[in-house]
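See structure below.
Treat the numbers as computed from the prediction; the structure is a model and nothing was measured. Numbers restart at 1 for each chain; the letters A, B, ... are given by sequence-line order, proteins then strands.
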Amino acid sequence: MSEDRTLAQSLRVQRCPECGSSRVMKDSEYAEIVCMDCGFVIDAKLTDRGPEWRAFDQEQRDKRTRVGAPLTYTIHDKGLSTMIDWHDRDVYGRRIPADQKAQVYRLRKWQRRIRVSNATERNLAFALSEISKISNALNLPKNILETASVIYRKAVRERLIRGRSIQGVTAAALYMACRQCSVARTIDEIAEVSGVDKKEVGRSYRFLVKELDFFVPPLTPSQYITKFSNQLAMQGKADEIAHKTLTSARTLKLTSGRGPTGIAAAASYIASVLTGERKTQREIAEIAQVTEVTIRNRYKELVERLWFIISL
DNA sequence: AAGACGAAAGTGGTTGA
DNA sequence: TCAACAACTTTCGTCTT
């Protein structure tokens with residue numbers, strides 16, 4: 001009974017948080033819940049972590065509990081590592097008799113060999129550590145790391161890594177994960193910390209999107225606005241105004257075809273002026289990675305069309 | 001003197017023949 | 001594959017605060 005309930009709870013996802021579609025499907029082969037309309041990966045680890053037994057008293061609980069680290073996709077064997085340590089001692093700390101030492105040594109050797117057995121495993125182990133490194137450097141949340149790991153595993157399974165640099169693909173997978181989770185990070189930032197050429201990251205990214213048949217929702221300026229106001233240390237009020245400016249701009253069709261960073265930067269600039277905590281164009285340009293000229297152009301367009309809305 | 005403004009030329013990526 | 005194209009950048013001179 002409780003088994004059914006916990007499973008149902010873990011699968012109770014009715015709507016895609018990204019596009020609101022109710023066509024949500026469980027892809028058990030890849031252990032994902034995926035939105036059928038926009039491709040958003042709603043949940044990537046369909047492991048039922050709840051206990052599949054019931055315990056009526058402490059004794060039963062102790063008896064039935066099994067202990068283990070949670071599964072993670074960020075370690076090449078999903079965290080299911082067993083290591084035989086190098087002490088020649090048994091579980092009670094007693095020395096192992098000489099005639100068994102050779103056997104323990106052999107076991108240890110094979111354990112090591114099995115863990116990272118072939119080239120694919122080594123590749124995976126290296127790539128996943130690389131992903132962790134980059135995501136740590138960028139202070140990315142853990143779910144991004146997991147998503148990126150899943151994407152990379154998928155790429156490996158589809159044999160897409162051949163002929164491509166591991167670093168390039170890891171960076172691309174991470175960028176993809178950011179996009180999937182609506183975390184505004186530019187290719188530049190990822191290229192910077194991963195030490196991979198920006199073009200290479202972009203190429204790999206496009207390749208992955210095409211081959212894995214992913215639909216990646218386009219980055220919206222509003223995601224950048226949140227990021228910018230954080231970096232500019234602006235107050236919530238300014239953030240709010242910037243978002244409002246943006247929605248008006250969208251209804252006036254001023255956003256299509258324009259780079260989202262430029263629009264977000266301009267909206268942030270307008271907000272900074274309106275709230276009185278004025279930031280220079282250069283400051284914002286620096287953070288937004290666009291030029292002052294672009295901010296000025298967007299700003300001009302926005303003000304021309306929006307001033308009457310604001311004055312109303 | 002710093003910041004804002006805008007013109008003009010240059011750059012990298014996309015599109016359509 | 002190539003030219004046309006729009007968005008964006010770089011550069012630089014001028015105006016404003």
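The distance between atom CD of A:E292 and atom C1' of C:dC8, rounded to the nearest whole Å, is 14 Å. Atom CD1 in A:I295 sits about 12 Å away from atom C1' in B:dA4, given to the nearest Å. The separation between A:R278 atom CZ and B:dG3 atom P is 11 Å, rounded to whole Å. Summarising the geometry, the separation between CG on A:D188 and P on B:dG12 is reported as 14 Å, rounded to the nearest angstrom. If you measure from atom CZ of A:R203 to atom C1' of B:dG13, you get 14 Å, rounded to the nearest angstrom. A:Q289 has its CD atom 17 Å from the P atom of B:dG12, to the nearest Å.
Side chain of A:K199, nearest nucleotide from B:dG6, B:dG13, B:dG3: B:dG13. When distances run from any side-chain atom of A:R258 to the nucleotides B:dA7, C:dC8, B:dA4, the shortest one goes to C:dC8. Distances from the side chain of A:R282 to the nucleotides B:dG3, C:dC8, B:dC5 place B:dG3 closest. Of the listed nucleotides (B:dA4, B:dG3, B:dT14), B:dT14 has the atom at the smallest distance from the side chain of A:R206.
Within the 4.0 angstrom heavy-atom criterion, base atoms lie near A:T291.
Considering only side-chain N and O atoms, A:Y269 lies under 4.0 angstrom from the phosphate OP1 or OP2 of B:dA4. Phosphate proximity of B:dC5 to A:R296: absent, as no side-chain N or O sits under 4.0 Å from OP1 or OP2. Put simply, A:R298 has a side-chain N or O that comes within less than 4.0 Å of OP1 or OP2 on C:dC8.
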>> The test is salt bridge (Lys or Arg N to Asp or Glu O under 4.0 Å); show your working for A:E130 and A:K133 and say whether it passes.
In response: CA-CA 5 Å; A:E130 201 65 18; A:K133 217 185 293 171; 3.4 Å; yes

> salt bridge (Lys or Arg N to Asp or Glu O under 4.0 Å) between A:K244 and A:E240: does it pass, once the steps are laid out?
Replying inline: CA-CA 6 Å; A:K244 274 189 185 153; A:E240 195 188 318; 3.4 Å; yes

> What do the steps show when you test A:Q167 against A:F126 for side chain to side chain contact (heavy atoms under 4.5 Å, CB included), and what is the final call?
Replying inline: CA-CA 9 Å; A:Q167 268 124 347; A:F126 176 65; 4.2 Å; yes

> Can you give the dot-bracket line for DNA chain C, where a pair is Watson-Crick or G-U wobble with both atom distances under 3.5 Å, crossing pairs use [ ], and | marks a partner on another strand?
Replying inline: |||||.|||||||||||

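Ion pairing between a basic and an acidic side chain is recognised when a charged N comes within 4.0 Å of a carboxylate O; A:E200 and A:R203 show such pairing.
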